[in-house]
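Before any comments, here is the structure.
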Amino acid sequence: MHARAATATTTALLGTAALLLPATDVRAVEDGTPPTIIAHRGASAYAPENTLTAVDKAARLGAVWVENDVQRTRDGKLVVLHDDSLQRTTDVEQVFPGRAPWKVKDFTAAEIARLDAGSWFGAAYAGARVPTLKQYVHRVDLHHQKLLLELKNPELYPGIEQETLKLLSNEGWLDRKHRSRLVVQSFSAATLRTVHDLKPGVKTGFLGTPSVSDLHTYAAFADQINPSYAGVSRAYVSAVHAFTGPHGRPLEVSAWTVNTADAARLVAGHGVDGIITNKPDVVRDALRE
């Protein structure tokens, strides 16, 4: 899509973008709308990340949005796990000691279902499992939550875009009721283009901080630009907001991973639309102050 501000054309404009953009296109930080709080891998400061328990905890803390990571098993099942290895967050070394380096893609879904994905976090969570994506979206739906779904390491899993969209469709997540409750994000621009081409109605988010001069390219297939909060400034957020995404609305910005009150207030002051956090309660309380 097109940029609404021809002046936002190079990275060098970052420091002055807010001054150069038309006033009607700059979202006022003081407009009274707080950023959306998104529970990163569930409420992952308080429960083992990407488990159903973390989704439940996020719901108890009032988080309307949760974020997760999707990878694929050897037999083609979609599972929710951040790393491409099972080593950090499960007991795979004990259960399958001869299978190093314990990559997700080298294990079947049945094998992964045997693993303890909670004990590494705390004894109280022993026996938690790596959920399938189907199990995960059912739990999110149970809590009437919304989902920011990351396609993780898509270069390892050719075709994962189509497979993920098929599962989401089969589970009702691409109907009109759910479409406003779903964003698919990735660090891979090619993956987001594929998702957009396959299902133009699905909102997408690019993980990273593209230069202002490149934003027009991303606006053709991404509804959000989701950078690390360390790379966010008010000028950059204003520059992103000046572009219209594929669904006819200004591009949005959700910053990650914000876990302190000071950082939450800082990025909220920059005008971000969403804050991705392991501690949704901390961010919530900071934004209320």
Side-chain polar contacts of residues 94-102 - donor-acceptor pairs under 3.5 angstrom, sequence neighbours left out - could you list them?
unit_1	atom_1	unit_2	atom_2	d
Arg99	NH1	Glu111	OE2	3.3
Arg99	NH2	Asp106	O	3.0
Arg99	NH2	Glu111	OE1	3.1
Trp102	NE1	Phe96	O	2.8

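Transitive grouping of hydrophobic side chains (ILVMFWY, heavy atoms separated by less than 4.5 Å) brings Val80 and Leu168 into a common cluster. One hydrophobic cluster, built from ILVMFWY side chains closer than 4.5 Å, holds both Leu151 and Leu198. Taking hydrophobic clusters as Ile, Leu, Val, Met, Phe, Trp and Tyr residues chained together by side-chain heavy-atom distances below 4.5 Å, Tyr157 shares a cluster with Leu81. No single ILVMFWY cluster, assembled from side-chain heavy atoms under 4.5 Å apart, contains both Phe221 and Leu149. Note on Leu147 and Ile160: same hydrophobic cluster, where clusters join Ile, Leu, Val, Met, Phe, Trp and Tyr whose side-chain heavy atoms are under 4.5 Å apart, directly or indirectly.
The two residues Ala222 and Pro246 have their closest heavy-atom pair at O-CD, 3.2 Å. Shortest non-hydrogen contact noted between Ala264 and Leu287 is O-CD2, 4.0 Å. Of all non-hydrogen atoms in Phe107 and Thr73, the two that sit nearest each other are O-CB, 3.2 Å. Nearest heavy atoms, Ala54 versus Pro48: CB-O, 3.4 Å. Nearest heavy-atom pair across Thr51 and Ala128 is CG2-CB, 4.5 Å. Considering all non-hydrogen atoms of both residues, Gly231 and Thr209 come closest at O-CG2, 4.1 Å.
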Item checked: Full working for side chain to side chain contact (heavy atoms under 4.5 Å, CB included) between Val55 and His143 -> CA-CA 9 Å; Val55 177; His143 294 303; 3.9 Å; yes
Next item on the list: Evaluate the criterion side chain to side chain contact (heavy atoms under 4.5 Å, CB included) for residue pair Thr36 and Ile275; output intermediate values, then yes/no.
Entry: CA-CA 6 Å; Thr36 298; Ile275 296 177; over 6 Å; no
Next item on the list: Any chance you could lay out the side chain to side chain contact (heavy atoms under 4.5 Å, CB included) test for Thr244 and Leu251, step after step, and finish with the verdict?
Entry: CA-CA 6 Å; Thr244 300; Leu251 295 187; over 6 Å; no
Check: Could you go step by step and tell me if Asn153 and Asp69 meet the side chain to side chain contact (heavy atoms under 4.5 Å, CB included) rule?
Finding: CA-CA 9 Å; Asn153 304 309; Asp69 305 281; over 6 Å; no
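When atom types are taken as modelled, the side chain of Thr90 and the backbone of Gln87 share no donor-acceptor pair closer than 3.5 angstrom. Looking only at distances, a side-chain donor or acceptor of Asn226 sits under 3.5 Å from a matching main-chain atom of Ser254. A donor-acceptor distance shorter than 3.5 angstrom exists from the side chain of Asn259 to the backbone of Asn278, with no hydrogens or angles considered. Within the 3.5 Å criterion, the main-chain N or O of His82 finds a donor-acceptor partner in the side chain of Gln71. Under the 3.5 Å distance criterion, the side-chain polar atoms of Asp116 are matched with a main-chain donor or acceptor of Gly118. In terms of modelled atom types and a separation under 3.5 Å, the side chain of Asn50 and the main chain of Val130 share no donor-acceptor contact. A donor-acceptor pair under 3.5 Å is formed between the side chain of Arg129 and the backbone N or O of Leu115. With hydrogens and angles ignored, the 3.5 Å screen pairs a side-chain donor or acceptor of Thr194 with a backbone N or O of Ala190. Remark: side-chain polar atoms of Thr277 are paired, donor with acceptor, to backbone N or O of Val258 under 3.5 angstrom.
Within a 6.0 Å radius of NZ in Lys152, other residues, nucleotides and ligands contribute more than 12 heavy atoms.
Looking at Leu156 and Asp84, their side chains come closer than 4.5 Å, going by heavy atoms from C-beta outward. For the pair Pro131/Leu52, a side-chain contact is recorded, criterion being any heavy-atom separation below 4.5 Å from C-beta on. Contact annotation: the side chain of Val240 never approaches that of Glu252 to less than 4.5 Å [non-hydrogen atoms, C-beta and beyond]. Counting heavy atoms from C-beta on, the side chains of Asn68 and Glu150 never come closer than 4.5 Å. Between Arg72 and Lys105, the closest side-chain pair of non-hydrogen atoms is not below 4.5 Å. For the pair Arg284/Asp281, a side-chain contact is recorded, criterion being any heavy-atom separation below 4.5 Å from C-beta on. Residues Ile225 and Pro210 meet the side-chain proximity criterion, which asks for heavy atoms closer than 4.5 Å.
With sequence neighbours excluded, the residues that form a side chain to side chain contact (heavy atoms under 4.5 Å, CB included) with Leu167 are Leu78, Leu133, Lys134, Glu171. Under the rule for a salt bridge (charged side-chain N to carboxylate O under 4.0 Å, His left out), Lys279 has no partner lying at least two apart in sequence or in another chain. Legend: residues meeting side chain to side chain contact (heavy atoms under 4.5 Å, CB included) with Ala230, ordered by chain and number and at least two apart, are Ser228. Residues forming a side-chain hydrogen bond (donor to acceptor under 3.5 Å, both in side chains) with Glu161 (at least two apart in sequence, or on another chain): Thr191. Here Ala58 pairs with Ala39, Ala43, Ala63, Val66, Gln145 under the side chain to side chain contact (heavy atoms under 4.5 Å, CB included) rule; sequence neighbours left out. Among residues two or more places apart in sequence or in another chain, the side-chain hydrogen bond (donor to acceptor under 3.5 Å, both in side chains) test is passed with Asp141 by His178, Arg181.
Between the side chains of Ser188 and Ser186, no donor N or O sits under 3.5 Å from an acceptor N or O.
Using the six-membered ring where Trp is involved, His196 and His247 have ring planes that are perpendicular, over 60° apart on the 30 and 60° scheme.
The hydrophobic cluster containing Tyr46, built from Ile/Leu/Val/Met/Phe/Trp/Tyr side-chain heavy atoms closer than 4.5 Å, also comprises Leu61, Val282. In the hydrophobic clustering, Phe121 connects to Trp120, Tyr125, either directly or through intervening members, whenever side-chain heavy atoms lie under 4.5 Å apart. Using a 4.5 Å cut-off between side-chain heavy atoms of Ile, Leu, Val, Met, Phe, Trp and Tyr, Leu207 falls into a hydrophobic cluster with Ile38, Val64, Trp65, Leu148, Val183, Phe187, Trp256, Ile276.
Listed by first and then second residue, the salt bridge (charged side-chain N to carboxylate O under 4.0 Å, His left out) pairs that reach into residues 259-269 are Asp262-Arg265, Arg265-Glu289, sequence neighbours excluded. Among residue pairs with one or both ends in residues 48-68, those qualifying as salt bridge (charged side-chain N to carboxylate O under 4.0 Å, His left out) are Arg41-Glu49, Glu49-Arg88, Asp56-Arg139; sequence neighbours excluded.
Here the straight-line distance linking atom CD of Gln135 with atom NE2 of His138 works out to 9.0 Å at 0.5 Å rounding.
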